[in-house]
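Below is one structure, written out as structure tokens, with a few remarks after it.
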Amino acid sequence: MTTPTLRIAHLYADEMNIYGDRGNILTLTKRAEWRGITVEIRAVGRGPGADLSDANLIFWGGGQDRDQELVFKDAAAHKVTAIRRAIERGAVVLAVCGGYQLLGESYVTAEGKKLPGLALVDLHTIPGVKRNIGNIVIETSDLGLTPKTLVGFENHSGKTYLGPGLRPLGRVLRGAGNNGEDQTEGVAGQCALPVVQARTVLHDNDDRRFAFAVRIFNPGVELGVADRNVFGTYLHGSLLPKNPHFADLLIERALGPRAIGRLVPLVDIEEMQAHQSVSERVLGRPASTRS
């Protein structure tokens, strides 16, 4: 079997990296290299010409509202088609906080400015009156993770709501999650790949107006095979160093079963100690090791 290559596209690494989200890239890189898997990392910044044709994992971190607005204008103009095509090919997406919000149909800033989202996932975000800051623990389902829990640190005032039928990444055991109301956190999987209509959105930015086409959803259209590969979450910390089991799931899905099958297990003593430490501090008990 030919040694596979994990090709990671890091979107807006300079603009969207306010909570140490580069640690997610480092975790993916080391956990692949420790298994003899070659890793290539491509930083994709603002401007035209984004080539994601060979990327099998796309990462997008969090940023301030000002940076998100600049990034979103660029993403809508230059990146959305390349991202959509990568997803259609089966690429995995991990979007954290601001990146997660901008995957949806719309995002309203704290100042009340409504930004049209990339419409890759059927969700929307509005501002909340309370900022949610602190450790968070969620319990996943249907991902086959052991343990089922993911731990992290959230720091957001946005309230995200998933569209009908969308599956969250997990159920909140302690923390706010998507909106502090329905006990959901993040999104696991379903991407609006079918193109049923295009609309032109006018966005006012410092008295300059520009138009671009975005995708909208048709709930009656069945989603394709790539719908399980898009993950969004509010978990910073960074997320993956304390959740090595989730990092491995992303690597496996990015490379695909034909290329790698199941990853060779690593000894994750320190990583899982960090995971259990957060779980015990927040829940008063360690995470279950049962899948």
Side-chain angles (χ1 to χ4, degrees), residues 1-13 16-17 20-45 50-61 82-83 85-96 99 140 142-152 169 188-189 225-233 235-278 287 289-291:
M1 180 182 294
T2 304
T3 302
T5 299
L6 180 64
R7 297 182 173 89
I8 302 173
H10 189 176
L11 299 186
Y12 307 107
M16 307 285 276
N17 181 45
D21 288 321
R22 290 183 194 272
N24 293 315
I25 298 293
L26 180 60
T27 298
L28 292 168
T29 299
K30 299 311 294 184
R31 294 189 70 80
E33 290 179 342
W34 287 335
R35 295 174 165 105
I37 299 169
T38 302
V39 179
E40 297 177 0
I41 302 171
R42 180 184 306 148
V44 181
D51 181 11
L52 303 177
S53 60
D54 62 349
N56 44 28
L57 197 153
I58 299 171
F59 175 74
W60 196 342
I83 295 171
R85 287 175 178 169
I87 294 170
E88 288 172 346
R89 289 188 294 97
V92 170
V93 174
L94 175 61
V96 177
T140 64
D142 303 325
L143 293 180
L145 296 180
T146 304
K148 291 183 177 181
T149 48
L150 297 177
V151 302
L169 177 61
V225 295
D227 68 350
R228 290 175 57 83
N229 282 344
V230 179
F231 298 91
T233 181
L235 273 64
H236 291 287
S238 305
L239 167 66
L240 297 181
K242 295 190 292 291
N243 298 287
H245 49 323
F246 186 46
D248 286 352
L249 179 141
L250 298 176
I251 295 171
E252 284 186 353
R253 291 197 180 184
L255 296 176
R258 292 184 180 179
I260 194 66
R262 299 291 296 180
L263 292 174
V264 175
L266 298 175
V267 178
D268 295 324
I269 296 175
E270 292 84 0
E271 292 89 340
M272 291 313 299
Q273 283 177 341
H275 182 100
Q276 297 287 13
S277 175
V278 175
T289 56
R290 295 179 297 176
S291 60

Run the side chain to side chain contact (heavy atoms under 4.5 Å, CB included) test on His236 and Val96 for me, step by step, so that the C-alpha distance in whole Å, both residues' side-chain angles and the decisive distance to 0.1 Å come before the verdict. CA-CA 7 Å; His236 291 287; Val96 177; 3.6 Å; yes

Can you check side chain to side chain contact (heavy atoms under 4.5 Å, CB included) on Leu169 and Leu235, steps first, answer last? CA-CA 11 Å; Leu169 177 61; Leu235 273 64; 5.8 Å; no

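One N or O on the side chain of Asn24 and one on the backbone of Leu239 form a donor-acceptor pair closer than 3.5 Å. Judged by distance alone, with hydrogens and angles left aside, the side-chain atoms of Asn243 form a donor-acceptor pair with the main-chain N or O of Val151 at under 3.5 Å. Put simply, the side chain of Arg89 gets close to the backbone of Ala55: a donor and an acceptor are under 3.5 Å apart. Formation of a donor-acceptor pair under 3.5 Å by the Ser277 side chain with backbone atoms of Gln273 is not found in this model.
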Identify each donor-acceptor pair in which a side-chain atom of residues 264-272 lies under 3.5 Å from a protein atom, sequence neighbours left out, and give them as a table.
from	atom 1	to	atom 2	distance (Å)
Asp268	OD1	Arg31	NH1	2.9
Asp268	OD1	Arg31	NH2	3.2
Asp268	OD2	Arg31	NH2	3.0

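Ile41 CD1 to Thr29 OG1: the interatomic distance, rounded to the nearest 0.5 Å, is 3.5 Å. Expressed to the nearest 0.5 Å, how far CD1 of Ile25 lies from CG of Leu57 amounts to 7.5 Å. To the nearest 0.5 Å, the span separating CG on Leu11 from CG on Asn17 amounts to 12.5 Å. One finds the CD1 atom of Ile87 at 9.0 Å from the CG atom of Asn229 (value rounded to the nearest 0.5 Å). Atom-to-atom distance recorded for Ile37:CD1 and Leu255:CG is 5.5 Å, nearest 0.5 angstrom. Taking CG from Leu143 and CZ from Arg253, the interatomic distance works out to 6.0 Å, rounded to the nearest 0.5 Å.
Leu150 is listed as a side-chain neighbour of Leu145, based on a closest heavy-atom distance under 4.5 Å. Asp21 has its side chain out of reach of Trp60: every pair of non-hydrogen atoms, C-beta onward, lies at least 4.5 Å apart. At least one side-chain heavy atom of Leu6 sits less than 4.5 Å from a side-chain heavy atom of Asn56. For the pair Phe231 and Leu249, the minimum side-chain heavy-atom distance is below 4.5 Å. Taking the side chain as every heavy atom from C-beta outward, Leu240 and Ser238 never approach each other to under 4.5 Å.
Checked against side chain to side chain contact (heavy atoms under 4.5 Å, CB included), Thr5 has the following partners two or more places apart in sequence or in another chain: Arg7, Thr38, Glu40. Partners of Ala13 under the side chain to side chain contact (heavy atoms under 4.5 Å, CB included) rule, at least two apart in sequence or in another chain, are His10, Arg22. Ala50 meets the side chain to side chain contact (heavy atoms under 4.5 Å, CB included) test with Val44, Lys79; sequence neighbours excluded. In this view, His245 satisfies the side-chain hydrogen bond (donor to acceptor under 3.5 Å, both in side chains) rule with no residue, not counting sequence neighbours.
Taking both residues in full, the closest heavy atoms of Ala254 and Val92 are given as N-CG2, 3.5 Å, listed atom of the first, atom of the second, then distance. Between Ala32 and Val39, the shortest heavy-atom distance links the atoms CB-CG2, 3.5 Å. Here the closest heavy-atom approach between residue His275 and residue Lys242 is recorded as ND1-O, 3.0 Å. When all heavy atoms of Ile58 and Ala86 are compared, the closest pair comes out as CD1-CB, 3.8 Å.
Under a 4.0 Å N-O distance rule, the pair Lys30/Glu33 qualifies as a salt bridge.
Counting only residues at least two apart or on different chains, no ring-ring contact (aromatic ring centres under 6.0 Å, His included) pair has a member in residues 21-44.
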